[in-house]
Amino acid sequence: MIKQVGPTAIQAKHLARCHCGAVELELTLPDGIVEPRRCDCSICRRKGAIVASVPLSGIRIVRGQDVLRLYQFNTRTAKHYFCSVCGIHTHHQRRSNPQQYGYNVGCLDGVNPFDLGEVPTHDGVDHPADRKAAM
C-alpha cells in the first residue's frame with residue numbers, strides 16, 4: 001500500500017485525468033496505490049505505463065465519457081480505454097481479472113510515477129489466462 005508518492009498524499013477518493021483534461025476519473029483508493037506494476041504484453045510494453053488495480057466499482061467517470069475510446073485485440077477480453085483527444089491510456093478492464101480495472105498511475109493528480117522507483121513487471125507475454133486455457 002502506497003499512501004504517498006513524492007509530495008502527494010493519495011486520497012481515499014483521488015482524481016485522475018488524461019493529459020488534456022478531457023477525461024476525468026474519480027478513483028476509490030482507500031488503501032492508496034496497491035501493487036503498482038508494469039506488464040510486458042504487446043500493448044503495455046508499447047504504452048509503458050505503470051498501473052495498479054481497483055474493483056470495477058472503484059472508478060467513476062466524472063467527465064469525458066464521450067471522448068473515451070475503447071481498444072481491444074487478440075482475445076478481446078481486456079478493454080483498453082484512452083482519450084480520443086490526447087491519446088493517453090487512462091484505464092482498462094483487466095484480462096486476468098475482468099472484475100477489476102487497471103488504472104494508469106501517471107494519470108493520478110499530483111503523482112509522478114517515476115517517484116515510485118522500481119516496480120515489478122508482470123509476465124504478459126505468457127499471460128496467466130493463456131496458461132489456464134492450455135491446461
Side-chain angles (χ1 to χ4, degrees):
M1 297 185 298
I2 300 170
K3 294 282 199 164
Q4 177 123 5
V5 180
T8 303
I10 304 302
Q11 305 299 313
K13 297 279 187 178
H14 204 104
L15 292 179
R17 303 170 213 270
C18 65
H19 187 257
C20 71
V23 175
E24 182 177 312
L25 310 172
E26 180 186 72
L27 281 80
T28 302
L29 304 173
D31 298 318
I33 300 170
V34 178
E35 297 181 16
R37 63 202 174 276
R38 293 184 187 278
C39 173
D40 69 355
C41 77
S42 62
I43 192 169
C44 290
R45 69 175 175 253
R46 285 170 174 82
K47 68 183 168 200
I50 295 173
V51 298
S53 296
V54 295
L56 294 181
S57 62
I59 288 184
R60 181 173 71 87
I61 299 169
V62 176
R63 175 175 62 229
Q65 177 73 50
D66 59 322
V67 296
L68 274 175
R69 294 296 176 265
L70 170 64
Y71 177 70
Q72 292 180 285
F73 66 101
N74 196 12
T75 66
R76 302 184 64 77
T77 303
K79 297 176 181 177
H80 300 268
Y81 295 95
F82 64 96
C83 174
S84 64
V85 178
C86 66
I88 293 297
H89 162 262
T90 54
H91 64 293
H92 63 280
Q93 188 170 2
R94 298 181 62 200
R95 179 177 174 208
S96 58
N97 185 346
Q99 300 308 307
Q100 291 183 334
Y101 282 122
Y103 64 90
N104 183 344
V105 172
C107 291
L108 292 173
D109 278 2
V111 171
N112 180 342
F114 290 97
D115 288 340
L116 292 171
E118 290 293 317
V119 296
T121 300
H122 285 200
D123 184 357
V125 172
D126 298 309
H127 197 278
D130 295 336
R131 290 192 295 269
K132 288 177 193 171
M135 295 179 138

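Hydrogens, waters and symmetry mates play no part in the numbers below; they use all other heavy atoms, side chains included.
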Is it true that a side-chain atom of Asp40 and a backbone atom of Val125 form a donor plus acceptor pair closer than 3.5 Å? yes
Within this structure, what is the NE2-SG distance for the pair His92 and Cys44, rounded to the nearest 0.5 Å? 6.0 Å
Begin from the C-alpha positions of Tyr101 and Leu56 and carry the test side-chain contact (heavy atoms from CB on, under 4.5 Å) through to its verdict. CA-CA 6 Å; Tyr101 282 122; Leu56 294 181; 3.7 Å; yes
Measuring from Thr8:OG1 to Ile2:CD1, what's the distance to the nearest 0.5 Å? 13.0 Å
Got a donor-acceptor contact below 3.5 angstrom from the His14 side chain to the Asp109 backbone? yes
Got a second to check how far Asn74's CG is from Arg95's CZ, nearest 0.5 Å? 6.0 Å
Do you know the tightest heavy-atom contact between Asp115 and Pro7? OD2-CD, 4.5 Å
Taking every non-hydrogen atom, the tightest pair across Phe82 and Gly87: CB-O, 4.1 Å
Distance-only, no hydrogens or angles: does the Arg38 side chain make a donor-acceptor pair with backbone N or O of Gly48 under 3.5 Å? yes
Verify the neighbour count for atom CD of Gln72: are there more than 12 heavy atoms of other residues, nucleotides or ligands below 6.0 Å? yes
Heavy-atom donor-acceptor pair, Arg63 side chain to Gly21 backbone, under 3.5 Å: yes
Can you tell me how far CG of Leu68 sits from CG of Leu70, rounded to the nearest 0.5 angstrom? 9.5 Å
Give the C-alpha distance, both sets of side-chain angles, the deciding distance and a yes or no for side-chain contact (heavy atoms from CB on, under 4.5 Å) between Ile88 and Cys107. CA-CA 9 Å; Ile88 293 297; Cys107 291; 3.7 Å; yes
Side chain proximity check, Leu108 to Leu29, heavy atoms < 4.5 angstrom: yes
Anything under 30° is parallel, anything over 60° is perpendicular, the rest tilted; go ahead and classify His80 against Tyr71. tilted
Using the side-chain contact (heavy atoms from CB on, under 4.5 Å) rule, take Leu25 and Tyr103 through it: C-alpha gap first, then chi angles, then the decisive distance, then the call. CA-CA 10 Å; Leu25 310 172; Tyr103 64 90; 5.7 Å; no
Give a yes or no on whether the backbone of Gly6 and the side-chain of Gln4 come within a donor-acceptor separation of less than 3.5 Å. yes
Quick one: closest heavy-atom pair of Cys83 and Ala22, and the distance? SG-CB, 4.2 Å
Kindly work out whether a path of hydrophobic side-chain contacts (I/L/V/M/F/W/Y, heavy atoms less than 4.5 Å apart) joins Val51 to Val105. no
Test your reading of the model: is there a side-chain donor-acceptor pair from Arg17 to the backbone of Leu15, 3.5 Å cut-off? no
Quick check: are there more than 12 heavy atoms from other residues, nucleotides or ligands sitting under 6.0 Å from NZ of Lys47? yes
Calculate, to the nearest 0.5 Å, the distance between atoms CD and OG belonging to Gln100 and Ser57 respectively. 10.5 Å
Working to the nearest 0.5 Å, report the span between CG of Leu27 and NZ of Lys13. 9.5 Å
Looking only at the side chains, is there a donor atom on one of Arg60 and Thr28 sitting less than 3.5 Å from an acceptor on the other? no
So does His89 get a backbone contact from the side chain of Asn104, meaning a donor-acceptor N/O pair under 3.5 Å? yes
State, with a plain yes or no, whether a side-chain heavy atom of Cys18 is found less than 4.5 Å away from one of Val85. no
Using a 4.5 Å cut-off on heavy atoms from C-beta on, say whether the side chain of Val111 contacts that of Leu116. no
Check against side-chain contact (heavy atoms from CB on, under 4.5 Å), Arg37 and Val119: CA-CA 5 Å; Arg37 63 202 174 276; Val119 296; 5.6 Å; no
Which heavy atom in Ser84 sits nearest to a heavy atom in Arg69, and how many Å separate them? CB-CG, 3.4 Å
